[in-house]
Novice: 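Questions regarding the structure given below will be posed in turn.
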Amino acid sequence: MLRVRQVKLPIEANDYKTKISKILKVNVNDINNIKIVKKSIDARDKNNLLFVYEFDVEVKDENKVLSKNKSNDIFITPNEEYKYVFEGVINTNERPVIVGAGPAGLFCAYTLVTHGIKPIIIERGEKVEDRIKTVEEFWKSNKLNKNSNVQFGEGGAGTFSDGKLNTSIKDREHRIKHVLETFVSCGASTDILYDAKPHIGTDILRDVVKNLREKIISLGGEFRYNTTLTNINIKNNKVDSIVLNNIETIPCNILVLAIGHSARDTFEMLSKKVEMTSKPFAVGVRVIHNQKMINKSQYGVEESKYLTPASYKLTYTTTKGRGVYSFCMCPGGYVVNASSEENRLVVNGMSNYKRETSTANSAIIVTVNPRDFGNNPLDGLEFQRILEEKAYVLGKGNIPTQKYIDYKNNQISTDIGNVEPITKGNITLSNLNDLFPDYINEALKEALPEFGKKIKGYDRDDTLLLGVESRTSSPVKIIRNDSLESNIKGIYPCGEGAGYAGGITSAATDGIKVAEQIGLLLNNK
């Protein structure tokens with residue numbers, strides 16, 4: 001096969017074959033097969049919107065075709081097959097325990113179980129079907145289940161998000177391709193295999209999670225829901241057993257901590273067991289704009305049947321050196337009440353696969369670091385909690401919301417304006433100045449006009465701000481060595497909660513890497 005890059009076509013065109021035949025200087029009939037490898041949009045010229053493709057092309061007499069095409073954009077398709085570090089089925093009675101059924105835990109389990117290692121996965125929340133009902137009831141009634149909510153439960157926090165799969169991590173071993181192919185085999189759209197900004201959508205992701213679970217069970221994995229890790233027993237600097245729900249003790253020699261970034265009670269228990277440190281993260285607000293305005297800025301048109309709702313990525317450094325940036329941008333989405341603790345409130349963004357609502361939302365967040373909240377490992381957690389308690393009070397249990405003009409003028413909004421607050425969970429008009437320390441308010445107020453220079457209308461008076469976005473990443477990192485073990489033998493910190501990932505894809509690949517290390521350990525026994 002030949003890899004052909006930089007194939008540009010108008011967004012309404014779909015005759016790939018003719019275009020490729022001209023590029024390769026071959027007859028159309030000499031092309032046997034075409035596969036899309038990558039697809040992105042070139043919107044620099046708003047009067048000439050283009051899709052940019054990479055294709056794998058099967059042609060007659062490949063070497064001859066290659067010899068007459070000396071372009072750097074035409075070459076033999078590289079081998080992108082993912083090969084595991086450990087090969088073959090391992091027959092073992094060892095049953096690793098994986099704590100958490102988010103992407104890190106699920107892909108760790110799937111990797112183990114496809115190699116003959118049958119893990120036990122414990123999850124403090126419900127299975128995804130039951131979790132959906134619990135979360136929807138919370139959005140209607142504000143009745144919170146502290147163990148099964150937007151943050152906790154099968155699928156992890158990403159289940160109630162946009163299901164974005166783009167990541168900046170390096171992937172020389174092609175684990176990401178393996179993750180995407182696994183998602184497709186579990187029901188995700190095939191376009192995630194080639195789209196430059198792939199996303200599954202929360203509506204599709206729920207079925208994908210269920211199907212991945214069924215695969216794991218069919219191969220011998222075991223799931224235990226409504227089950228919380230409450231203690232770890234250590235002997236001779238090695239994990240010996242674990243305590244579940246404060247009542248049940250089970251033997252455990254291999255423990256994977258894929259706990260997510262919101263398991264604060266678990267972090268408090270772990271701080272007495274394993275080495276951990278605080279780490280920088282970011283906090284801020286969700287902003288809502290009309291999606292047509294974002295489309296107009298990014299594409300030059302408010303809507304097109306050939307284009308998906310537009311996204312954006314914004315960054316700015318303030319005069320005082322604070323980083324401010326967009327995060328988890330959700331075209332055609334919702335802002336959701338994502339709380340997981342009583343009397344505390346946090347928001348997140350969520351989109352379905354079709355991104356069909358009339359508004360776009362994104363987190364706009366400000367970097368914070370141990371200088372702001374303290375150097376002790378759990379100080380970042382306390383910083384988050386303080387903000388979330390203030391948000392809960394400001395919103396009277398609902399999502400505190402404010403127009404940008406009123407945020408600038410430090411006054412409570414008395415009306416919504418022209419942007420519809422499409423949310424899951426009720427809102428209360430509030431003054432978000434009372435939520436943040438001065439340095440965060442100053443950073444946001446300096447950055448938003450700068451973003452308005454990049455996207456016309458971004459800093460309109462009726463832009464809506466909703467708080468608080470505080471769970472952008474884990475505020476702690478659990479230290480691990482080159483074998484991915486903590487200072488306690490047999491304990492493997494994993495994924496976003498442990499500080500080694502930032503999103504669905506990177507968490508999933510970290511779960512695979514931990515599984516590989518466990519496989520190597522068991523192979524060497």
Side-chain angles (χ1 to χ4, degrees), residues 96-114 118-139 144-165 179 182-183 185-188 200-230 244-245 255-263 265-266 336 338-340 348 350 352-353 424 471 494-498 501 503-505 507-508 510-512 514-515:
V97 177
I98 299 171
V99 185
L106 288 173
F107 273 87
C108 182
Y110 185 58
T111 305
L112 291 174
V113 81
T114 53
K118 300 175 182 179
I120 300 169
I121 303 97
I122 64 170
E123 168 56 57
R124 70 190 301 160
E126 299 166 298
K127 63 173 61 177
V128 70
E129 306 96 306
D130 298 332
R131 182 187 178 199
I132 292 167
K133 297 175 184 176
T134 297
V135 170
E136 288 177 346
E137 177 59 32
F138 166 66
W139 286 333
L144 178 68
N145 182 328
K146 293 187 293 183
N147 288 314
S148 192
N149 45 62
V150 173
Q151 306 293 344
F152 299 140
E154 186 178 39
T159 304
F160 293 94
S161 69
D162 186 52
K164 278 180 282 292
L165 302 175
V179 168
T182 302
F183 280 139
S185 74
C186 291
I200 297 180
T202 185
D203 50 340
I204 305 298
L205 186 56
R206 299 167 186 185
D207 289 331
V208 170
V209 168
K210 177 183 175 182
N211 292 336
L212 182 54
R213 173 228 300 162
E214 294 301 328
K215 283 191 175 190
I216 293 168
I217 291 173
S218 71
L219 294 169
E222 176 186 342
F223 284 80
R224 296 184 58 177
Y225 301 101
N226 302 300
T227 302
T228 302
L229 173 70
T230 51
L244 307 178
N245 295 334
L255 179 67
V256 178
L257 298 174
I259 58 177
H261 58 38
S262 295
D265 52 353
T266 307
V336 305
S339 302
S340 62
N348 193 16
M350 183 179 84
N352 290 324
Y353 174 70
K424 295 290 188 178
R471 309 279 183 92
C494 179
E496 189 165 341
I504 292 172
T505 304
D510 198 60
I512 293 171
V514 166

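Just so it is clear, the model here is predicted, and its values are computed rather than measured.
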Novice: Does some side-chain heavy atom of V179 sit less than 4.5 Å from a side-chain heavy atom of I504?
Specialist: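 In short, these two side chains do not touch, never coming nearer than 4.5 Å.
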Novice: Answer whether the closest heavy-atom distance between the side chains of F160 and I132 falls below 4.5 Å.
Specialist: yes
Novice: Does NZ belonging to K210 count more than 12 external heavy atoms closer than 6.0 Å?
Specialist: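 Not buried by this count: 12 neighbours or fewer within 6.0 Å.
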Novice: Using side-chain heavy atoms (C-beta onward) and a distance below 4.5 Å, is N245 in contact with T227?
Specialist: yes
Novice: Side chain to side chain contact (heavy atoms under 4.5 Å, CB included) between V150 and K424: does it pass, once the steps are laid out?
Specialist: CA-CA 11 Å; V150 173; K424 295 290 188 178; over 6 Å; no
Novice: If you look at every heavy atom in R124 and A263, which pair is closest and at what distance?
Specialist: NH1-CB, 3.9 Å
Novice: Identify the two heavy atoms, one from H261 and one from R471, that lie closest to each other, and give their separation to 0.1 Å.
Specialist: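 Here H261 and R471 meet closest at NE2-O, 3.1 Å.
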Novice: Can you name the closest pair of heavy atoms from L112 and P119 and give their distance?
Specialist: CD1-CB, 4.3 Å
Novice: Could you tell me how the ring of F223 sits relative to the ring of Y225: parallel (under 30°), tilted (30 to 60°) or perpendicular (over 60°)?
Specialist: parallel
Novice: Using a distance-only test with no angle check, is there a side-chain donor-acceptor pair under 3.5 angstrom linking Q151 and S340?
Specialist: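 No, no side-chain donor-acceptor contact under 3.5 Å.
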Novice: Examine the side chains of T182 and K215 and answer whether a donor and an acceptor come within less than 3.5 Å of each other.
Specialist: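 No pair is found: no donor N or O on one side chain lies under 3.5 Å from an acceptor on the other.
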Novice: When you check the gap from the basic side-chain N to the acidic O, do K146 and D265 get nearer than 4.0 Å?
Specialist: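 No.
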Novice: Check R213 with E123, please: is the shortest side-chain N to carboxylate O separation under 4.0 Å?
Specialist: no
Novice: Does the side chain to side chain contact (heavy atoms under 4.5 Å, CB included) test come out yes or no for V336 and W139, once each step is laid out?
Specialist: CA-CA 8 Å; V336 305; W139 286 333; 3.8 Å; yes
